[in-house]
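Every chain is numbered from 1 and lettered A, B, ... according to where its sequence line falls, protein lines coming before strand lines. Note that these values count all heavy atoms, side chains included, but never hydrogens, waters or copies made by symmetry.
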There are 2 protein chains.
Amino acid sequence: MASSTRQTMITGAAALLARRGMSATSFSEVLAATGAPRGSLYHHFPGGKDELMAETTRYVGNRLLGALDLADPTTPAGVIGQFTALWRSVLTGSELEAGCAVAAVAVDAGPEQEQLVELAGSVFAEWRDALARRLERVGMSQERSRDLALLSLAAMEGALVVCRAQRSIEDFDRVAAMLVSLGGSGGGGGAAADAHG
Amino acid sequence: MASSTRQTMITGAAALLARRGMSATSFSEVLAATGAPRGSLYHHFPGGKDELMAETTRYVGNRLLGALDLADPTTPAGVIGQFTALWRSVLTGSELEAGCAVAAVAVDAGPEQEQLVELAGSVFAEWRDALARRLERVGMSQERSRDLALLSLAAMEGALVVCRAQRSIEDFDRVAAMLVSLGGSGGGGGAAADAHG
DNA sequence: GTCTATACGAAGATAGAC
DNA sequence: GTCTATCTTCGTATAGAC
């Protein structure tokens with residue numbers, strides 16, 4: 001479990017990032033939110049804030065991949081259903097105040113901080129490819145898997161932004177239903193989502 | 001055209017917002033980018049930065065609605081093609097460094113600044129409804145129009161974030177093609193996009 | 001690994017002159 | 001409407017002790 005203080009800062013930063021964006025995720029806020037010790041900040045993150053943001057982006061990226069591995073859907077619709085359910089829980093678990101931490105990094109990072117932008121981009125690519133791989137595994141063609149995975153990622157990221165702003169889950173559910181239905185037709189089966197973690 | 005200085009600040013803020021997010025869109029940056037006079041800042045925006053952000057959000061919202069009115073697509077696929085082409089030009093016109101200014105507000109605004117969040121949400125709703133209205137006008141059913149408009153908005157917002165981070169237009173084009181194709185099947189005709197402004 | 005103290009800069013905001 | 005201070009707050013970052 002490595003340094004628990006370090007990990008506390010990272011998970012705290014992830015929560016703040018998803019709720020308030022990158023600039024509001026200051027060291028002070030992270031410390032206040034987590035109770036982590038101030039004195040060890042630059043001991044754990046010699047690279048300063050950019051390093052904390054980078055580690056947090058990586059952590060969030062892997063956390064989603066891990067969550068996907070907790071279930072094993074057997075149909076394309078199930079794969080998409082699990083994916084959308086994961087994001088739905090981010091909204092509902094935060095009173096619709098949180099979104100995607102990686103998107104926050106992508107939106108808030110300027111042309112300087114090129115490394116952060118690139119990192120966010122590679123996390124998005126990982127997510128897209130992981131989804132596509134799972135769709136293929138349950139019988140969808142490679143071509144369609146790539147397409148549906150990409151569309152699902154983009155639509156979810158957008159739906160998070162839109163629904164968070166609207167403080168309503170309605171549009172999110174409609175988008176999710178459409179994506180699931182796209183997985184149901186022409187891929188493998190017509191089953192509904194079989195995972196909701 | 002009202003106060004030109006005021007408008008200069010708003011359009012400048014819009015550009016910065018789309019490129020670097022809300023917190024990086026400081027007064028200093030807006031002034032530096034536009035050459036607008038510093039002394040008149042709180043004359044034009046007595047409410048401070050939040051007021052500038054709010055005005056900018058409204059402006060960007062109306063600017064897209066106005067751009068949609070510049071063409072008159074005659075098929076669902078044409079409507080979606082025009083919409084995606086508008087967003088594509090945001091990416092290509094900025095070397096893939098700009099995204100959606102309204103999304104930047106939505107992501108960066110904290111639970112305080114509730115008015116800004118609400119405003120961003122209402123702009124998204126306006127865009128969604130404007131798209132749906134146009135789809136209906138060219139013959140798509142009300143139900144399908146609502147769905148496709150919402151999916152297109154969400155997917156475009158997400159694609160902007162993802163592709164900006166990846167510094168590649170490839171995924172954007174694939175998402176746009178899928179959306180257009182969803183408009184082509186079962187709506188009106190099968191025509192390709194007929195607007196690219 | 002953790003602490004305190006502090007330097008430094010940037011940003012929002014206000015006051016008062018022109 | 002515009003200018004020039006100026007105030008205050010906050011955030012990053014460093015130094016050096018424990």
Legend entry - A:Trp127 side-chain N/O to A:Gly61 backbone N/O, donor-acceptor pair under 3.5 Å: yes
Legend entry - Minimum-distance pair of heavy atoms, taken over all atoms of A:Ala155 and A:Val175: CB-CG1, 3.9 Å
Legend entry - N or O in side chain of B:Ser40 less than 4.0 angstrom from D:dT2 OP1/OP2: yes
Legend entry - Contact under 4.0 Å: B:His43 side-chain N or O vs D:dT2 OP1/OP2: no
Write down the distance between [atom1] ([X]) and [atom2] ([N]), rounded to a whole number of angstrom.
X       : N      : atom1 : atom2 : value
A:Leu31 : C:dG1  : CG    : P     : 17 Å
A:Met53 : D:dG11 : CE    : C1'   : 12 Å
B:Leu41 : C:dA10 : CG    : P     : 18 Å
A:Leu52 : D:dG11 : CG    : P     : 14 Å
A:His44 : D:dA13 : NE2   : P     : 16 Å

Inset, instruction - Run the salt-bridge test on A:Asp147 and A:Arg144 with the 4.0 Å N-O cut-off and return the result as yes or no. - result: no
Legend entry - Lys/Arg-Asp/Glu bridge criterion (N-O < 4.0 Å) met for B:Glu97, B:Arg20: no
Legend entry - Nearest-0.5 Å distance that lies between atom NZ in B:Lys49 and atom CD in B:Gln113: 8.5 Å
Legend entry - Nearest-0.5 Å distance, CD of residue A:Glu51 to CG of residue A:Leu41: 11.0 Å
Inset, instruction - Assign a letter to each nucleotide of nucleotides 11-18 of chain C from its 5' end: B, base within under 4.0 Å of a protein heavy atom; S, sugar-phosphate only; -, no contact. - result: SSBB----
